[in-house]
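Sequence lines set the chain letters: A, B, ... in the order given, protein chains first and strands last, and positions in each chain run from 1. Below, each value reflects all heavy atoms present in this structure, side chains not excepted, and no hydrogens, waters or symmetry copies.
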Amino acid sequence: MGRKLPRKFYSRTDTVQIARELLGKLLVVPDENGRRVSGMIVETEAYLGVEDRGAHSYGGRRTARNEVMYGIAGHVYVFFVYGMYYQFNVVTGPADHPHAILIRGVEPVDGIDTMRERRGDRIKKDRDLTSGPGKLAIAMGIDRSLNGADLLGDQCWLEQYRNIADAEIASGPRIGIDYAGEDALRPWRFWLKGNEYVSRR
DNA sequence: GGAATGATTCTCT
DNA sequence: GAGAATCATTCCG
């Protein structure tokens, strides 16, 4: 069992670099009985604050929903989209530097039976448990109650897990932000080449 | 107050 | 590959 990544990991200003480094880290969210449910991060996307049309904080937009993006690095930003899915993000950089990284895919490590229960019987292949941001939120038990949680606290956290070589990492445009114009083309999505739990390949 | 829409997924065809 | 599901949040008036 690893130990929690330090605040310093999150508070650096280069969010794109942090998004790369999140690959291979373990996301741990204990269940209601305190048992570990975890997955190795295999896909991330960086959202770069005020100058990124794809980000909720574009142009300095600051609302009740995205308030935690403006807070201390190493906290969790959870929001709800499409009337049915939660998205799990990690806040990076200094305060008032509203950057965040979306976790889009994890490979199940601990508590895979719990994940199967949460996802329901219709999920036949384990591959479909956590290969997408909405799916992994369901499987990991992520909802609104985690919004604003501290990754150095006990509700959820990240641990060192596997070392990833640069050659294993691929990058490309982010998903689902066509409205962002030029910024939709920026290669700020990262994933582990060939991993089954990447949302789209 | 009301209308529009989204950092998605699933189910057909 | 298209269309539905489904609602909190945002923006405008």
## Note on the structure
Rounded to whole Å, CD1 of A/I175 lies from P of B/dT8 at a distance of 8 Å
### Message
Rounded to whole Å, please give me the gap between CZ in A/R174 and C1' in B/dA7.
### Response
8 Å
### Query
Is there a side-chain contact between A/S199 and A/R189 (heavy atoms, below 4.5 Å)?
yes
### Message
Taking A/R35 first and then A/D110, would you say they form a salt bridge - that is, a charged N and a carboxylate O separated by under 4.0 Å?
### Response
no
## Note on the structure
To the nearest angstrom, the CD1-C1' distance between A/I138 and B/dT9 comes to 8 Å
#### Entry: Gap between atoms CZ and C1', on A/F79 and B/dT5 respectively (whole Å)
13 Å
### Message
Students often mix this up, so state it plainly: with edges at 30° and 60°, are the rings of A/Y86 and A/F80 parallel, tilted or perpendicular?
### Response
tilted
### Message
By the 4.0 Å heavy-atom rule, please label A/G54 as base, sugar-phosphate, or nothing.
### Response
base
### Task
Using atom CZ of A/R200 as one end and atom C1' of B/dA7 as the other, report the distance to the nearest whole Å.
11 Å
### Message
Does the structure place the NZ or CZ of A/R12 under 6.0 Å from the centre of the six-membered ring of A/F9, at an angle of no more than 45° from the ring's axis?
### Response
yes
### Sugar-phosphate only, base, or nothing, as touched by A/R119 at under 4.0 Å among non-hydrogen atoms
sugar-phosphate
### Task
Drop me the distance from A/W191's CH2 to A/L23's CG, to the nearest 0.5 angstrom.
10.5 Å
#### Entry: Carboxylate-amine/guanidinium proximity below 4.0 Å for A/D96 and A/R62
yes
### Value in whole Å for how far the P atom of B/dA7 lies from NE2 of A/H99
17 Å
### Query
Where does DNA chain C pair, written as one dot-bracket string 5' to 3', with Watson-Crick or G-U pairs under 3.5 Å, ( ) inside the strand, [ ] for crossing pairs and | for another strand?
|||||.||||||.
### Task
To the nearest Å, give me how far apart CZ (A/R189) and C1' (B/dT8) are.
13 Å
### Message
Under a 4.0 Å threshold between the charged nitrogen and the carboxylate oxygen, would A/R162 count as salt-bridged to A/E168?
### Response
yes
### Query
Can you give one letter per nucleotide of nucleotides 4-13 of chain C, going 5' to 3': B for a protein heavy atom under 4.0 Å from the base, S for sugar-phosphate only, - for none?
-BBBSSSS--
### Message
Please classify the nucleic acid contact of A/Q87 as base, sugar-phosphate, or nothing, using heavy-atom distances under 4.0 Å.
### Response
sugar-phosphate
### Query
Among side-chain atoms of A/Y47 and A/E45, is any donor-acceptor pair under 3.5 angstrom?
yes
### Task
Rounded off to whole Å, could you give me the CD1-to-P distance for the A/I103 and B/dT8 pair?
14 Å
### Task
Check the pair A/R36, A/E159 against salt bridge (charged side-chain N to carboxylate O under 4.0 Å, His left out), reporting the backbone distance first and the verdict last.
CA-CA 12 Å; A/R36 279 169 73 92; A/E159 298 177 358; 3.0 Å; yes
### Message
Give the residues of residues 121-134 of chain A touching DNA chain C, defined as any heavy atom closer than 4.0 Å, sorted by residue number.
### Response
none
### Message
Between A/D52 and A/R174, does any NZ, NE, NH1 or NH2 come within less than 4.0 Å of an OD or OE carboxylate oxygen?
### Response
yes
### Task
For a side-chain contact (heavy atoms from CB on, under 4.5 Å) with A/Y197, tell me which candidate from A/D126, A/L136, A/V106 qualifies.
A/D126
